[in-house]
*Asks:* 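Before I ask anything, here is the structure I am working with.
Sequence lines set the chain letters: A, B, ... in the order given, protein chains first and strands last, and positions in each chain run from 1.
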There are 2 protein chains.
Amino acid sequence: MATTIDDVARAAGVSTSTVSYVLSGKRPISEPTRQRVERAIRDLGYRPHAGARALASSRTDVLGLMAPLRVDVNFSVIMQFVTGVVSAARTYGHDVLLLTSDEIADMERVASGSMVDALVMMDVEADDPRVPVLTGLSQPAVLIGLPRDPEGLSCVDLDFAAAGRLAAQHLARLGHRRIALIGSPRAVMERHTSYAERMIEGFTRGVTESSLEGVVEACEASTAGASDAVDRVLARLPDVTALVVHNEVALPWVLATLRERGRHVPDDVSVVALCPSDVALGQLLPLTSIDIPAQAIGEVAVEMAMARVVRDEPAETRLLAPRLVERGSTVARPA
Amino acid sequence: MATTIDDVARAAGVSTSTVSYVLSGKRPISEPTRQRVERAIRDLGYRPHAGARALASSRTDVLGLMAPLRVDVNFSVIMQFVTGVVSAARTYGHDVLLLTSDEIADMERVASGSMVDALVMMDVEADDPRVPVLTGLSQPAVLIGLPRDPEGLSCVDLDFAAAGRLAAQHLARLGHRRIALIGSPRAVMERHTSYAERMIEGFTRGVTESSLEGVVEACEASTAGASDAVDRVLARLPDVTALVVHNEVALPWVLATLRERGRHVPDDVSVVALCPSDVALGQLLPLTSIDIPAQAIGEVAVEMAMARVVRDEPAETRLLAPRLVERGSTVARPA
DNA sequence: CTGAAAGCGCTAACAC
DNA sequence: GTGTTAGCGCTTTCAG
């Protein structure tokens, strides 16, 4: 314990800078020297002191991840996302500092305190007050989601507009004429969480393009909320034959309500879910779904962050194309 | 940006050490001086450099959290736990570095690299190979779970033995004579994850003490796994009247299988769940349950870690007492 | 290809 | 109650 770079240098009979360069690879080292140094490092069990390194190099090899653990977002989405971020970060030799608050102060603290090389922020809203603050920090940031004005920050997300449109198109192709979107809780809508709005926009466009009738209903993340939403849909569109559900939490309850109301899936109503594929597969009937590739998004976010940190590349926005997988919950419109 | 403690000292007309002491409160400062220093800090937007501080003080104000994101553990348990850890850590002015691998190398890296002041490790198994390694580190560690030999490390967990016993006692008191425990997946058992074993031990003791007949079945975290487990129970104990379910993931499928087999809850079989209360409440019928207080466990873990870091207190083991809440899925044994 | 040495920004003796 | 200063352990010029 507490062995320093000087100890290693002494043991290897070289200078401290040589040890440093062996470690960083930032200048050529002769093979014999490298061998001796590496030997000494192993023998002494030497580990560079992260703080000292950060102080001297102004790099921490730590990524900050702001992941507000909200209850109305499905946990498995968050977990997959976090998993993607952490494993991708390790790939770049970085660790992850986890912030679960969505407070500006916390993000300023870790950034201005030079605890992180970059920030990744989940769950960005259309007019997120954190965005302008991020812009002012000296570390680059990557946003998951799409604020109205990214102000030169990198963004990545599923292309929810394309997803909404794709769902509608899929149903139109199956001959459905009257379809409904059961979406996020009202609170999410009111936060102007951009994915919810983009989903609705795409869905609506798909509906229009195929000359369908479509309605949209918000849906709270509870048993009662789900049955309310279904009932509102049935009231507005009694002969609805297909549902798009963009609410992982309420999904099982929506399906249960359909059963209770005597509507069989898929014979009476087809269902397309927008959710992580494990959720779509975990229902009693495996659902046709558009995957939310949370882990992939996390990985891309890290790549974009590292591109800025390491290669100083400019900010960019990447929207991942949706993919629909048929699993049997969608069939041609009943006669 | 990049303002240092010297800038602050200059602006306030004091020495750097005075600024440092104002920040740390480690020695008395006259009111007027403090005012001027605080003013300068605010005006300049000064933030101490975490690395420099860590180097000089050998304290990072960061806690390492090892949270293997396994699929067979309910995500909401993990999330609650992580939430508890992060918010409690903030209470102590600490941030959290998240490790999602269960590899020894990662934990050694962050510890020996002096990235953290302490480690909290989830999901500890009976003979966890990480435990002896943790013992050798210079930072204190807190384990969630109970290894066979804690080797002087702090431990905290729900008292699963007491929980298993409590569930059996509750059912015995309601007149049930033949009961079953549907437990963790076989893989969890085979890892000798201690909570699963302690639960079984307590359940078995409760069964014996009340002269009941009881069987235990493992249960995979899948639809098929759940129906298999239920069927095995029904085969071994055809007139079973109560089930204890210790498997959050399979819980909904267990209930669905009971429905399919024509056993009504609670009229034909009573059900006690061991799971987070939100899971118990989220089922179609709210379940009588023993809560897994994941968030509280996380908070206690951090308190124990900080007790060791800040006050250098000795290691201890804390088992949280279980509490059973009746919610209507358990009734007196059918005649 | 290697070494010497000047910091990086802060803390904590040690002075007074 | 405050100031001076010697490190903390590493990176990175600058020299050779």
*Asks:* Hey, does the side-chain of B:Arg27 have a donor or acceptor N/O within less than 3.5 Å of a partner on the base of D:dT2?
*Replies:*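 Counting by modelled atom types and ignoring angles, a donor-acceptor contact under 3.5 Å is found here.
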*Asks:* Within this structure, what is the CG-to-P distance between B:Leu23 and C:dA12, rounded to whole angstrom?
*Replies:* 12 Å
*Asks:* If the cut-off is 4.0 Å, is B:Lys26 near the phosphate of C:dT11, judged by side-chain N/O to OP1 or OP2?
*Replies:* no
*Asks:* Taking for each residue the nucleotide of DNA chain D with the nearest heavy atom, is it A:Thr16 or B:Gly13 whose nucleotide lies nearer the 5' end?
*Replies:*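 Nearest-nucleotide comparison on DNA chain D picks B:Gly13.
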*Asks:* First locate atom CG of B:Asp43, then atom CZ of B:Arg36, and finally report the distance between them rounded to the nearest 0.5 Å.
*Replies:* 13.0 Å
*Asks:* Without decimals, in angstroms, what is the distance between B:Leu55 CG and C:dC10 P?
*Replies:* 12 Å
*Asks:* Whole-Å distance between C:dC10 C1' and B:Asp61 CG?
*Replies:*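 Distance, rounded to whole Å: 13 Å.
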*Asks:* Between C:dT2, C:dG7, C:dC10, which nucleotide gets closest to the side-chain atoms of A:Thr18?
*Replies:*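 Closest nucleotide to the A:Thr18 side chain: C:dT2.
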*Asks:* Does D:dT2 have its OP1 or OP2 closer than 4.0 Å to a side-chain nitrogen or oxygen of B:Ser15?
*Replies:* no
*Asks:* Hey, does B:Thr18 have a side-chain heavy atom less than 4.5 Å from the side chain of B:Thr33?
*Replies:* yes
*Asks:* Considering only side-chain heavy atoms of B:Ser30, which listed nucleotide, C:dC1, D:dG1, C:dT11, is closest?
*Replies:*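 The answer is D:dG1, which lies nearest to the side chain.
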*Asks:* Rounding to an integer number of Å, can you tell me how far A:Arg59 CZ sits from D:dT11 C1'?
*Replies:* 13 Å
*Asks:* To the nearest angstrom, how far is A:Gln35 atom CD from C:dC1 atom P?
*Replies:*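 Atom CD in A:Gln35 sits about 15 Å away from atom P in C:dC1.
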*Asks:* Within this structure, what is the CD1-to-P distance between A:Ile41 and D:dG9, rounded to whole angstrom?
*Replies:* 16 Å
*Asks:* Any Lys/Arg nitrogen of B:Arg109 or A:Asp95 sitting under 4.0 Å from an Asp/Glu carboxylate oxygen of the other?
*Replies:*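 Yes, B:Arg109 and A:Asp95 are salt-bridged.
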*Asks:* If you assign each of B:Gly51 and B:Ser24 to its closest nucleotide in DNA chain C, which residue comes earlier from the 5' end?
*Replies:*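 First, find each residue's nearest nucleotide; the 5'-ward one identifies B:Gly51.
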*Asks:* To the nearest Å, give me how far apart CZ (B:Arg36) and P (D:dG3) are.
*Replies:* 8 Å
*Asks:* Side-chain N or O of B:Tyr21 versus OP1/OP2 of D:dT4: is the shortest distance under 4.0 Å?
*Replies:*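 Answer no for this pair, as no side-chain N or O of B:Tyr21 is under 4.0 Å from OP1 or OP2.
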*Asks:* Could you tell me how far apart B:Ile5 (CD1) and D:dT5 (C1') are, to the nearest whole angstrom?
*Replies:*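 One finds 14 Å between C1' of D:dT5 and CD1 of B:Ile5, rounded.
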*Asks:* Counting the atoms with a prime plus P, OP1 and OP2 as sugar-phosphate, which does B:Val19 contact under 4.0 Å by heavy atoms, base, sugar-phosphate, or nothing?
*Replies:* nothing
*Asks:* Do the side-chain N or O atoms of A:Thr33 get closer than 4.0 angstrom to the phosphate oxygens (OP1, OP2) of C:dT2?
*Replies:*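 Answer yes for this pair, as a side-chain N or O of A:Thr33 is under 4.0 Å from OP1 or OP2.
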*Asks:* Decide, yes or no, whether a salt bridge links B:Asp106 with A:Arg90 under the criterion of side-chain N to carboxylate O below 4.0 Å.
*Replies:*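 A:Arg90 and B:Asp106: salt-bridged.
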*Asks:* Can you measure from CG (A:Leu69) to CD1 (B:Ile78) and round to the nearest 0.5 angstrom?
*Replies:*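 Taking CG in A:Leu69 and CD1 in B:Ile78, the distance rounds to 11.5 Å.
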*Asks:* On the nucleotide D:dT11, are OP1 or OP2 found under 4.0 Å from the side-chain N or O atoms that A:Ser20 carries?
*Replies:* yes
*Asks:* On the side chain of B:Ser17, is there an atom forming a donor-acceptor pair with the base of D:dT4 - under 3.5 Å, no angle test?
*Replies:*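 Answer yes: a donor N or O sits under 3.5 Å from an acceptor.
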